[in-house]
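Throughout, protein chains are lettered first and strands after them, A, B, ... in sequence-line order, and every chain is numbered starting at 1.
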Protein chains: 2
Amino acid sequence: MDTGARDSGNALLFLTDEQLRKGIEAMFFAYRGFTADPDRILADMAYGRAHHRAIHFINRSPGTTVNNLLAILGVTKQSLNRVLRALVEDGLVRSEVGQRDKRERHLFLTDAGEALERTLSDAQRDRMRAAYRAAGPDAVAGFRQVLEAMMDEESAARYAALKDLKG
Amino acid sequence: MDTGARDSGNALLFLTDEQLRKGIEAMFFAYRGFTADPDRILADMAYGRAHHRAIHFINRSPGTTVNNLLAILGVTKQSLNRVLRALVEDGLVRSEVGQRDKRERHLFLTDAGEALERTLSDAQRDRMRAAYRAAGPDAVAGFRQVLEAMMDEESAARYAALKDLKG
DNA sequence: CATAATACGTCAGCTTTGTTGACATTCCAA
DNA sequence: TTGGAATGTCAACAAAGCTGACGTATTATG
């Protein structure tokens, strides 16, 4: 590992149990804020966070297959299927039989699906943007660094797989 | 608000939707990592994340009342009660009738409770410490800044209330 | 061509963790 | 002494995860 931190003097005070506990608690409460706005919107419909996640990643990678989505989300197909079925029935997601491989179903958002996606994303992005703006670019860089270092192996792999697609 | 970021040139590139989306996805996957280790430990027992949270905050503020815990966790008393009952029955939490106000129950971890708390905290702290060490103190400062700016009002109030107790 | 593997869907049942609503008990305080 | 606050309990329910089993196309492989 490329250690940027030199162990000079009390430079390691940020690694005390006290500081770590604060970080843990901040992470807990921040995640609440992170999901609060979409949660509020979804509560009015018959949807939850699972639907939001599905919609987010279908929007991010239109035409993705069920198996792809399964791998990214890390849930069982039964769990995802329940969510997808509702979204398809409600006309938010379109499921297309694959051309090369007819076993596969490619998933797309319908116009209504895209509209909901935008509503949810806007709410979540607005909070994120406000936090970013308040903290400044250097803080944001650190934020991202720590987050990426905090992922477990599986999550990191999923996050990395996303990068190949777009960003 | 004290804005550290100057709007000079392309200094706002960190506020693009693209960057925000990356932050959102990083937050999602990082939270998985954040809970992965305790989750693994708890899965072997009949416990879940809710038990972990209760144990964490009882450990942090020994003698706290049920109502206090309710306010911090932001769940219903019925939901918390189920969790607390299990922990008390299993001898991990001790519930003491208040002296000044006998309606209140003050919560403490037993030795067994403290042992489990240490096991869970160690797992979570280890990952956090590794992430902190890899990212360095400046990144950690930014991480904390963004997290605190991301909390919704309620979560921020709960987080702030904790500070009054210890740190 | 026969068989195995893959992708997907579905049924049934279980768990955790949250929710409401109703109601009893205890006890402080006006 | 009576009203209200704090606590606890019962019942019923929902969201979203899980396992296991099974069915059905479709593709890949021996």
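- Put simply, A:N67 has a side-chain N or O that comes within less than 4.0 Å of OP1 or OP2 on C:dC8.
- Ion pairing between A:E18 and A:R21 holds under the 4.0 Å rule for side-chain N and carboxylate O.
- At the heavy-atom level, B:G98 lies nowhere under 4.0 Å from the strands shown.
- Rounded to an integer number of Å, the gap from CD of B:E104 to P of C:dT25 is 21 Å.
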Tell me which donor-acceptor pairs under 3.5 Å the side chains of residues 115-123 of chain A have, and how far apart each pair is, sequence neighbours excluded?
from: A:E117; atom 1: OE2; to: A:S121; atom 2: OG; distance (Å): 2.5
from: A:T119; atom 1: OG1; to: A:A115; atom 2: O; distance (Å): 3.0
from: A:S121; atom 1: OG; to: A:E117; atom 2: O; distance (Å): 3.3
from: A:D122; atom 1: OD1; to: A:R125; atom 2: NH2; distance (Å): 3.0

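- Taking atom CG of B:L87 as the reference point, atom P of C:dT17 lies 10 Å away to the nearest angstrom.
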Strictly under 4.0 angstrom, non-hydrogen atoms only: write out the protein contact profile of nucleotides 8-13 of chain D, one letter per nucleotide from the 5' end, B, S or -. BBB---
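- With sequence neighbours excluded, the residues that form a salt bridge (charged side-chain N to carboxylate O under 4.0 Å, His left out) with B:E154 are B:R158.
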Contacts under 3.5 angstrom, residues 140-151 of chain A side chains, donor-acceptor by atom type, not counting sequence neighbours:
from: A:R144; atom 1: NH1; to: B:Q19; atom 2: OE1; distance (Å): 3.4
from: A:E148; atom 1: OE2; to: A:Y159; atom 2: OH; distance (Å): 3.3

Run the side-chain donor-acceptor check on residues 92-99 of chain A: report pairs under 3.5 Å with partners two or more places apart or on a different chain.
from: A:R94; atom 1: NH1; to: A:E96; atom 2: OE2; distance (Å): 2.5

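- Residues from residues 38-57 of chain A lying near DNA chain D, meaning a heavy-atom separation below 4.0 Å, are A:G48, A:R49, A:A50, A:H51, A:R53 in numerical order.
- In this entry the distance linking NZ of B:K102 with P of C:dC28 reads 6 Å, nearest Å.
- A residue-by-residue look at A:T76 and A:Q99 shows that A:T76 has its nearest nucleotide of DNA chain D further toward the 5' end.
- Nucleotide C:dG9 holds its C1' atom 15 Å from the CG atom of A:L69, rounded to whole Å.
- Between B:E89 and B:R85 there is no salt bridge, since no side-chain nitrogen of the basic residue lies less than 4.0 Å from a carboxylate oxygen of the acidic one.
- Closest of all the heavy-atom pairs between A:G33 and B:S155 is N-OG, 4.2 Å.
- The aromatic rings of A:H52 and A:H56 sit perpendicular, their planes meeting at an angle over 60°, well past the 30° parallel limit.
- Using a 4.0 Å cut-off between a side-chain N of Lys or Arg and a carboxylate O of Asp or Glu, B:R129 and A:D17 qualify as a salt bridge.
- Residue A:L73 contributes atom CG, which lies 16 Å from atom C1' of C:dC8 at whole-angstrom precision.
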